[in-house]
Amino acid sequence: MSNPVINYEKELNEAQYEAVFVTEGPALVIAGAGSGKTRTLVYRVARLVELGVNPESILLLTFTRKAASEMMDRASQLLDVRCRAVSGGTFHSTANYILRRYGDLIGFPGYSIIDRGDCAEVVGYIVGELGIKRKELKLPRNSTIVDIISKAINKSMKVPELLETYYPHLTDLSDTINVLAGKYDEYKKTHMVMDYDDLLVKLKKLLVEFPGVCRALGNRYRYIMVDEYQDTNPLQAEIVELLGKDHRNVMVVGDDSQSIYSFRGADIRNILEFPGIFPDAKIIKLEENFRSTQPILELTNAIIERARQKYTKCLFTSKSGGIRPQLVVARDEAEQSCWIVEKIDSLRREGIPLREMAVLFRSSFHSFDLEVQLSKGSIPFAKYGGLKFAESAHIKDLLAHLRVFLNPHDRLSWNRILKLLPGVGQATANKVIKWLNADVPSLDRFKEYAATQKGKMKVLLDLVRLFDALSDPDLDVKDLVAITIKYYEPILTQKFDDYPKRARDLSYLQEWSAPFESLEQFLTDMALEPPEVNRAPSDFAERADFLTLSTIHSAKGLEWRIVFIINAANGYFPSRHSLLSDEDMEEERRLMYVACTRAKEQLYIVYPETGRDSYYGSVMLEMSEFMRGLDGTLTDVVTAAESLHGGGRQFRRAKKGISSVKTSRGFNIKAGDVFRHPDLGMGVVLEIMDRNRARVYFKKLGIRVIDLRTVKEGQWVVR
DNA sequence: GTTCAACCTCTTTTT
DNA sequence: GAGGTTGAAC
């Protein structure tokens with residue numbers, strides 16, 4: 001504790017200082033993008049601990065565990081290690097922590113947590129049990145049914161009511177889906193499982209029905225801070241209210257113009273109505289932007305000013321200078337990817353590390369093409385968002401074995417692992433599970449069953465051997481994972497063509513499991529806060545410096561010197577699902593705002609002029625409507641072809657008139673000609689550089705400069 | 001009756 | 001790519 005006293009006045013601006021020093025009573029901090037929100041929270045944690053508050057009685061609720069743990073690290077550096085002891089995490093992990101202790105009061109003495117995929121499987125199982133004719137009824141996919149059930153809970157609506165508003169085409173199925181929702185709930189109760197929503201629902205139930213527990217928890221968490229409050233749902237708001245009602249030391253921090261999770265039930269009204277719940281709440285606005293340069297801020301302010309809903313603040317910066325955001329028009333997705341790769345390469349050569357750059361997109365599949373091109377261009381990257389590591393088939397396979405080992409009641413996992421055995425399909429799996437459930441299911445019972453089997457069914461003994469190996473009490477979590485991997489590897493190789501990649505994931509999983517003290521903790525954590533990278537750089541050299549690819553949702557709260565936004569075209573971003581609803585379009589706009597405000601120094605917004613459509617083939621696209629009217633005024637508009645290779649110089653030259661050239665072999669070549677090179681394949685001429693050189697875009701290799709003296713006339717196909 | 005390979009479609013965002 | 005569907009092969 002030898003750190004010098006923190007100089008709050010020097011290190012914070014006025015508004016931040018005020019937020020840090022309001023240590024008692026309710027407070028609402030409206031924090032604009034890049035206004036030092038995290039900094040403020042960190043200093044406030046340090047301040048409270050400095051004042052002698054027990055760190056464990058500070059509850060810091062954030063959107064991801066990583067965010068909480070980074071804040072605690074920074075506070076520790078500022079003050080001392082006591083800050084590491086702050087109770088921090090997501091709403092869900094905090095709910096889990098509390099329910100593990102008090103769950104028996106509401107009928108859940110123990111439980112496992114199931115993810116969205118598991119939920120869908122439960123629904124599928126129930127549909128089968130009830131003998132519902134999927135096709136006849138035109139029942140939507142299981143995952144859609146789960147979405148409906150979850151949305152109903154998060155928006156506090158009844159299923160039929162929700163269907164009317166959000167899924168009008170499914171109102172005919174209202175009764176069926178309602179029945180399914182009921183059965184689904186029953187299943188969870190009898191099998192002792194909770195989904196993500198349950199964690200919040202059950203926590204609230206506990207707080208409401210057991211005032212004593214509520215008081216005890218309020219007493220334990222004397223200082224509550226909630227980050228990203230604009231993205232909480234009404235259920236979460238009620239939980240905060242219940243926990244804080246005695247001491248009222250509740251500070252919520254957020255930005256109404258960055259609310260991007262309404263699809264998950266988040267309600268922007270939470271933040272706007274906070275002063276209604278705590279009428280004496282201090283309202284503090286952080287409006288100075290420390291992140292972006294003036295031209296970027298001008299663009300982002302313009303984007304959000306055009307929103308229908310008026311927001312509560314206006315950002316300013318004292319930073320001047322900086323280059324204007326660039327709006328880059330590419331011919332198609334291939335050219336877009338190609339441009340990004342080249343641009344990143346040239347920035348890297350200028351000495352900017354990859355870790356200072358990010359490519360952001362609306363939907364995770366938007367980056368597929370780019371991922372391929374980056375790999376070809378030897379640019380290492382990590383991808384965030386989209387299908388999670390923990391949700392991929394091979395990881396779920398592996399974990400299912402451990403889940404059965406821990407809890408033989410888990411019928412979903414039994415089903416999964418049995419079907420992995422050769423010669424075992426759904427019918428056999430059902431038979432085994434039925435037999436197991438005729439009595440109390442246990443590993444011994446399974447062993448008994450396997451022993452009686454003959455012929456093909458002897459493969460069940462493989463599983464028995466696995467469970468025997470896992471039963472050694474001296475093994476730690478990492479050993480258990482290692483043994484299971486060894487068992488699973490032959491199945492993996494057989495099942496997946498891309499098994500080397502997946503095998504790497506498995507060893508990564510093994511690494512990840514090492515610090516856990518119990519299998520239960522490990523499995524809970526995998527459901528609640530799994531590793532977030534879903535495509536990590538493959539080797540150690542690459543791990544030193546890599547590019548970030550991320551969905552905008554996963555980029556929340558982060559910043560980079562250079563940001564690229566791709567596929568900024570109507571239908572992609574804004575998403576085509578949102579085009580018909582004003583409300584959804586408003587959220588898309590906020591999403592664009594979040595994306596652009598991630599950039600500190602340079603911002604590139606890229607879109608392709610043509611796209612692929614499964615019905616129409618090639619289609620024309622238009623620039624994202626959030627950029628309309630801002631192109632050319634607050635952004636520079638360039639085409640990808642011009643901009644490549646520091647295109648300015650070549651662009652001028654092209655303008656001067658070299659658009660066609662007579663080669664030394666005596667025939668004319670012009671930009672736009674399609675051409676077949678004997679070694680490089682099909683290409684299109686982008687630009688004639690001089691008498692002897694042209695830049696050509698090859699389908700296979702991207703852009704290459706070729707020597708015109710070497711080409712023969714017969715190779716050209718004039719368009 | 002059962003498994004499994006080959007085809008199809010569709011792809012928003014996440015704790 | 002993952003989930004669903006279909007039909008051949010056991």
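Note on naming: letters A, B, ... go to the chains in the order of the sequence lines (proteins, then strands), and numbering restarts at 1 for each one. Any value given below was found using the heavy atoms of this structure, including those in side chains, with hydrogens, waters and symmetry copies removed. Since this is a predicted model, take the numbers as computed values, not measurements.
Cation-pi geometry between A:Arg264 and A:Tyr196 is not met at under 6.0 angstrom from the ring centre and within 45 degrees of the axis.
Taking only side-chain atoms of A:Ser575, from C-beta outward, the nucleotide of B:dT12, C:dA2, B:dT15 with the closest atom is B:dT12. For A:Arg264, taking side-chain heavy atoms from C-beta onward, the closest of the listed nucleotides B:dT15, C:dA2, B:dT11 is B:dT15. For A:Arg362, counting side-chain heavy atoms from C-beta on, the closest listed nucleotide (B:dT11, B:dT15, B:dT13) is B:dT13. Between B:dT15, B:dT11, B:dT14, one nucleotide has an atom nearer to the side chain of A:Tyr196 than all others, and that is B:dT15.
Heavy atoms of A:Tyr261 sit under 4.0 angstrom from primed sugar atoms or phosphate atoms, though from no base atom. Looking at heavy-atom distances under 4.0 Å, A:Ser364 makes contact with sugar-phosphate atoms alone, never a base. In this structure, A:Ser143 reaches neither bases nor backbone, as no heavy-atom distance under 4.0 Å exists between it and the strands shown.
Using a 5.5 Å limit on the distance between ring centres and a 30° limit on the angle between planes, the aromatic ring of A:His577 counts as stacked on the six-membered base ring of B:dT12. Stacking is found between A:Phe263 and the pyrimidine-like six-membered ring of the B:dT13 base under the 5.5 Å centre-distance and 30° plane-angle cut-offs.
Formation of a donor-acceptor pair under 3.5 Å by the A:Asp498 side chain with backbone atoms of A:Lys501 is not found in this model. In terms of modelled atom types and a separation under 3.5 Å, the side chain of A:Ser337 and the main chain of A:Glu333 share a donor-acceptor contact.
A 6.0 Å sphere centred on NZ of A:Lys495 holds more than 12 heavy atoms belonging to other residues, nucleotides or ligands.
Between the C1' atom of B:dT12 and the CZ atom of A:Arg590 lies a distance of 15 Å, rounded to the nearest Å. Atom CG in A:Asn233 sits about 15 Å away from atom C1' in B:dT13, given to the nearest Å. Atom C1' of nucleotide B:dT15 and atom CZ of A:Arg65 are separated by 12 Å, given to the nearest angstrom. Between the CZ atom of A:Arg116 and the C1' atom of C:dA2 there is a distance of 17 Å, given to the nearest Å. Atom CD of A:Glu529 is separated from atom P of B:dT15 by 9 Å (rounded to the nearest Å). When the C1' atom of B:dT14 is taken as reference, atom CZ of A:Phe91 falls 15 Å away, rounded to whole Å. Nucleotide B:dT13 holds its P atom 16 Å from the NZ atom of A:Lys556, rounded to whole Å. The CG-P distance, from A:Leu360 to B:dT13, rounds to 14 Å in whole Å.
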Chi angles and distances behind the ring pair (Phe, Tyr, Trp, His ring centres under 6.0 Å) call for A:Tyr607, A:Tyr572: CA-CA 9 Å; A:Tyr607 78 96; A:Tyr572 291 105; over 10 Å; no
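Contacts of residues 121-130 of chain A with DNA chain B (heavy atom under 4.0 Å): none.
Looking at heavy atoms from C-beta onward, A:Phe361 lies out of side-chain contact with A:Phe573 at the 4.5 angstrom threshold.
Scanning for ring pair (Phe, Tyr, Trp, His ring centres under 6.0 Å) contacts around A:Tyr487 gives A:His401, with sequence neighbours left out. Listed by chain and number, the residues in a ring pair (Phe, Tyr, Trp, His ring centres under 6.0 Å) with A:His577 amount to none (sequence neighbours excluded). Every ring pair (Phe, Tyr, Trp, His ring centres under 6.0 Å) that A:Phe446 has, sequence neighbours left out, goes to A:Trp414.
Of the side-chain N and O atoms in A:Ser554, one or more sit less than 4.0 angstrom from OP1 or OP2 of B:dT14. Residue A:Thr551 has a polar side-chain atom (N or O) positioned under 4.0 Å from OP1 or OP2 of B:dT14.
Between A:Asn415 and A:Arg411, the side chains place no donor N or O within less than 3.5 Å of an acceptor N or O (distance only, hydrogens not considered).
You'll find the ring centres of A:Tyr261 and A:His553 inside the 6.0 Å limit. In summary, the aromatic rings of A:Tyr593 and A:Phe626 are positioned with their centroids too far apart to meet the 6.0 Å limit. The six-membered or imidazole ring of A:Phe389 lies near that of A:Tyr508, with a centre-to-centre distance under 6.0 Å.
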Under 4.0 Å protein heavy-atom contact, by nucleotide of nucleotides 3-10 of chain C - B base, S sugar-phosphate only: -SSS----
Whether each nucleotide of nucleotides 1-8 of chain B has a protein heavy atom under 4.0 Å at its base (B), only at its sugar-phosphate (S) or at neither (-) is summarised, 5' to 3', as -SSS----
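Evaluation of atom-type donor-acceptor distances gives no pair under 3.5 Å for the side chain of A:Arg576 against the base of B:dT12.
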